[in-house]
Amino acid sequence: MEQYNPAKIEPKWQKYWEEKELYKAEDFSKKPKFYSLIEFPYPSAEGLHCGHPRSFTAMDIISRKRRMQGYNVLFPIGWDAFGLPAENYAIKTGTHPKATTEKNIANFTRQLKSLGFSFDWSREINTTDPNYYKWTQWIFLKLFEKNLAYKAKMDINWCTSCNCGLANEEVVDAKCERCGGEVIRKEREQWMLKITEYADRLILDLDKVDYLAKIKKQQIDWIGKSFGAQVVFKIKSSTMLEGEHMYDLPVYTTRPDTLFGCTYMCVAPEHELIEKFADQIDNYEEVKDYINQAKHKSEQERLNLEKTKTGVELHGLKAINPVNNEEIPIFTADYVLASYGTGAIMAVPAHDQRDYEFAKKYNIEVREVIAGGEIEKEAWEGEGTLINSDFLNGLNTQQATDKIIDWLEEKGFGFGATNYKLRDWVFSRQRYWGEPIPIIICPHCGYVPVEEKDLPVVLPEIEEFKTSETGDSPLALIVDWVNVPCPKCGADAKRETDTMPQWAGSSWYFLRYADPYNDKALADLKKLKYWTPIDWYNGGMEHTTLHLLYSRFWHKFLYDIKVAPTPEPYAKRTSQGMVLGEDNEKMSKSRGNVVNPDEVVKEHGADTLRVYEMFIGPFDQATPWSTQGVVGVRRFLEKVWQIGHNLDDKKRGNEDDLVFLTHKTIKQVTEQIETMDFNTCVSAMMILLKKYQEEGCNQEIFRLFLKILAPFAPHLAEELWQNLGHKKSIFLEPWPEYNPELAKESVREIPVQINGKVRSKIFITEDMAKEEIKKLALADDNVQKWLASPGGLAGKEIKKFIYVKGKIINIVI
RNA sequence: GGGGAUGUGGUGAAAUUGGUAGACACGCAGGCUUCAGGAGCCUGUGGCAGCAAUGCUGUGAGAGUUCGAGUCUCUCCAUCCCCACCA
């Protein structure tokens, strides 16, 4: 018998599967369809890390199983290939990102193929291919056409290291999510996408899909819908005459019931009120100073100073509380965010902890209007009965809220309102390596879309990749490319030089897989109707508020314009845990704890890597890598190889046992692949194999085993299968059905407890009656011993006899 | 501050969802094989006591419900992740 040599058999079968086109998805097949998806990788220079195969193997197992179960499976692969690392590398070395990307894709392809994933490579896509990004640009134009893309001057997050604008979602701890560079606020004209318009539907339609609960919750929290009221306060300056028109300052509050407790107002330092009333603010210089300070405070400082609130009163201005016409002071403070609500708040120190702290510091009245707290100590943010509130007195929070909203609406001082934490999506990037935004800026016509027939707007070839000093994209320097006639009026105009963020290409890629070569549409609607929605999408938790939300937004938009057939892209979403380094830390180059899958394949083979990644721990939990642990899986596969070469045709006396355990394992593996309990699937197969090792195994039974092993260790299973004389791939075999009769144990050993402690074990059969079992249990030697033992139990009566069918006996004495 | 998760041997972890705690695997110890190293095979392996059968004890801590709790309830403690001045 030959040695088990993965290096020899694995490439052989990979080639075989490719030649037989075993994993090719068929459009409009009569079989039921199954669309399984992994997050397409960014082809980095480092190549695959050991986190990739965890998700990929899981979905590969599910896809292979589905094929064997008779489904027409689409399990595609592609490249999310725009992005900063290739561009930064270009800045450093002058190598064109296109060249870097091609090279990296070649490496990734080699690696993925070496792991034996059953991707349909004929549908491979690449976001940097002009034939692909033509449609990314097309979608942008449609968004523009429907007023969902707009350009706005605003303070954005600016990465000082990338020289580039970032979305809120890309800023982590005041640092750039990608490069870790410092992020400051900077005012710029930016393209924005109105994701907020879809906020409600993005929440509501979560009911239509099967996502892990924590994923749904995280999305809902991120969108952050809240209910309350908008209340308008009139602003009055000391120089104003009675009856002169006053400025209206609207605020948003979730607690309109506390309106009588409002003792001051506060606006964000960026609020327009300050500039508007500059000449009426007596201490304008002081205010200006404060604003400047706030602006230069880095985000990091702001976080550290979280507890100490600062602000300045706007002397000379007063606000008028509409419910009681009281004049109250106005402050500006940086604890009020310009970008949430209206950028201004009504402060109720007695019932909001932040306002409470601020009021204490600046000696502002704390007026209790909700009973139930101890406002000498801290703000009472709970509910309660209204006091000191005129016509609201005696009501509870809910009643008071309803009543005050009615009152505000009636008097024209405000209305019930909802608000979201979700902001519109900053869509501009001042970089080269992204999809050019297909807009032409004309001095006469404004923003003019590139005509559809002129798509794609192809990235021009350039040699200098650095962002310009003004912070514009390197594209701004390519005069030939930038200067174009306006499509509308023909006047001299300029192209938009901002490019799209990396999230653009990944926001619709799953649709392209249905029809990757279409040059008339992003994908043929009939094909989309056949393939979508995606039946099962597995990916990282870190994409929940980024890619997952963005792509749902785009998909809903495409649904609205009748380009996509379903309101939701993904019917089911699951998430894998991270593979940590051996030191239990996140794998990273700097820590030097990165495990390269190439080395594992070289040493033990792809099947070992695959099975190990599934065996390593619960799929949804982070687990450290263990080089030692890999060996255990290798030994298991070695044993499979041994037994696979030592089969016979003998029937044995203990045949029943073997058949029973085999069917039990088929049942377990069949069910637990669906629940992603891969680790226990592997352990069940190990137990079964041990049984074969002890008892010997015949071909008929082993064939069943090979079929359930095949999705996990495809190369080994295929080798042993065809060794048995089969002429066709094991993956063309039907998935084994377990026989429920055979998966049932006929005789089983159950524990006998006395007063809750296991004292003996007896054998019973399925059909025994309780009385019969009781007799058997009481007759048992050990039980007798305990009943009559000198341990003090002697002569005690049996109070209770509990028998849980097929599980346990407990005798209470 | 808010949210989510987790706590079981030396390690990664199982536990049919209230029914034999520690399956499976790593590691370790002893043995066989080998010139040696490695690999392989066999045996043992939560702790304490005992040559042993066995007994006691044991799932972060404490209480409760139950014939029976790793699992349910309450009160603490610890760790990790995400979000974070969202009015």
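Predicted model, so just to flag it, every value in this text is computed and none were measured. Throughout, a chain's letter reflects where its sequence line sits, starting with A, and its residues are numbered from 1.
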Any strand: nucleotide that pairs with [N] via Watson-Crick or wobble, under 3.5 Å:
| N | value |
| --- | --- |
| B/U45 | B/G27 |
| B/A39 | none |
| B/G1 | B/C83 |
| B/A14 | none |
| B/C51 | none |
| B/U6 | B/A78 |

Could you give the distance separating [M] and [N] at their [atom1] atoms, to the nearest angstrom?
| N | M | atom1 | answer |
| --- | --- | --- | --- |
| B/U59 | B/A69 | P | 11 Å |
| B/G3 | B/A49 | C1' | 49 Å |
| B/G60 | B/U8 | P | 6 Å |
| B/C41 | B/U6 | P | 36 Å |
| B/G9 | B/G58 | P | 14 Å |
| B/A39 | B/C82 | C1' | 46 Å |
| B/G38 | B/G46 | C1' | 31 Å |
| B/A63 | B/C51 | P | 34 Å |

_Heavy-atom nearest nucleotide on RNA chain B for A/Lys807 versus A/Met346: which residue maps closer to 5'?_
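Mapping each residue to its closest nucleotide by heavy atoms, the 5'-most match is A/Lys807.
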*Closer to the 5' end of RNA chain B via nearest nucleotide, is it A/Lys639 or A/Val758?*
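Between the two, 5'-proximity favours A/Val758.
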How long is the line joining [atom1] of [X] and [atom2] of [N], in whole Å?
| X | N | atom1 | atom2 | answer |
| --- | --- | --- | --- | --- |
| A/Phe636 | B/C26 | CZ | P | 12 Å |
| A/Met686 | B/C26 | CE | C1' | 10 Å |
| A/Arg255 | B/A87 | CZ | P | 11 Å |
| A/Tyr340 | B/A84 | OH | C1' | 13 Å |

Just checking [X]: base, sugar-phosphate only, or nothing, at a heavy-atom cut-off of under 4.0 Å?
| X | value |
| --- | --- |
| A/Asn679 | sugar-phosphate |
| A/Ile802 | base |
| A/Phe801 | nothing |
| A/Glu638 | nothing |
| A/Lys217 | sugar-phosphate |
| A/Arg634 | nothing |
| A/Thr544 | nothing |
| A/Ile616 | sugar-phosphate |
| A/Gln753 | base |
| A/Val812 | sugar-phosphate |

*For A/Gln621, enumerate each residue passing the side-chain hydrogen bond (donor to acceptor under 3.5 Å, both in side chains) test, keeping only those at least two apart in sequence or located in another chain.*
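Scan of A/Gln621 (side-chain hydrogen bond (donor to acceptor under 3.5 Å, both in side chains), adjacent residues dropped) gives none.
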*asked:* Would A/Lys774 pass as a cation-pi partner of A/Phe801, given that its NZ or CZ must be under 6.0 Å from the six-membered ring centre and within 45 degrees of the axis?
replied: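 Satisfied, under 6.0 Å and within 45°.
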*Mind listing the closest non-hydrogen atom pair of A/Asp620 and A/Lys214 along with its distance?*
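Distance-wise, the nearest heavy atoms are O-NZ, 4.5 Å.
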*Output, in order, the C-alpha distance, side-chain angles, deciding distance and verdict of ring-ring contact (aromatic ring centres under 6.0 Å, His included) for A/Tyr362 and A/Tyr264.*
CA-CA 11 Å; A/Tyr362 294 97; A/Tyr264 72 100; 8.7 Å; no
*Does the B/C24 base have a donor-acceptor partner in the side chain of A/Lys690 within less than 3.5 Å?*
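There is none.
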*Would you indicate, yes or no, if B/G40 has its OP1 or OP2 atom less than 4.0 angstrom from a side-chain nitrogen or oxygen of A/Arg635?*
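Affirmative; the distance criterion is met.
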*asked:* When you measure from the side chain of A/Asn419 to the backbone of A/Ser226, do you find a donor-acceptor pair of N or O atoms at a distance under 3.5 Å?
replied: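 Not at all, since once roles are kept as given, no pair shorter than 3.5 Å links the two residues.
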